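What you see is a predicted model; the values in this text were computed from it and never measured. Count residues from 1 along the sequence.
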Amino acid sequence: MIILVLSISGGGGNFPVVLSDKFFQFINPLLPFTYGVNLLREPTGGIYAPNLWHNFIILAIYAVVFFFIGLFLKDRINPFFEKLHKEAAKSKIIH
């Protein structure tokens, strides 16, 4: 939940980042949400191809990096999620 809030606020999804405090200005270029928001804004005022491709390439790099992180760390993370799933099933909140 915290990452979601930071992504929306830091990515400029609801408020211009230049008007935010220094923390959000710092994390802005580090968040993939920033580039997704910029891609969604592009058609609004007319598509400028260099901005479009820059944002698209950055998002593609994020996708590839996180794909390989997930691929190589799956075996290490899987026991944690199996334990979490068992605890959630015992709680009867999640079926």
Do [X] and [Y] sit in the same hydrophobic cluster, where Ile, Leu, Val, Met, Phe, Trp and Tyr count as joined when their side-chain heavy atoms come under 4.5 Å apart?
X: Val64; Y: Leu71; result: yes
X: Leu40; Y: Tyr48; result: no
X: Tyr62; Y: Leu39; result: yes
X: Leu31; Y: Phe67; result: no
X: Phe66; Y: Phe72; result: no

>> Considering only residues two or more places apart or on different chains, which pairs with a residue in residues 18-43 satisfy ring pair (Phe, Tyr, Trp, His ring centres under 6.0 Å)?
In response: none
> Do Glu42 and Asn38 come within less than 4.5 Å of each other through their side chains, counting heavy atoms only?
Replying inline: no
>> Once rounded to the nearest 0.5 Å, what's the spacing between atom CG of Asn78 and atom CD of Glu82?
In response: 5.0 Å
> Atom CD1 in Ile77, atom CD1 in Ile69: separation rounded to 0.5 Å?
Replying inline: 9.0 Å
> Can you check whether Asn28's main-chain N or O pairs, donor with acceptor, with Thr34's side chain at less than 3.5 Å?
Replying inline: yes
Could you tabulate the donor-acceptor pairs under 3.5 Å formed by side-chain atoms of residues 52-61, not counting sequence neighbours?
residue : atom : partner : partner atom : Å
Asn55   : ND2  : Asn51   : O            : 3.1

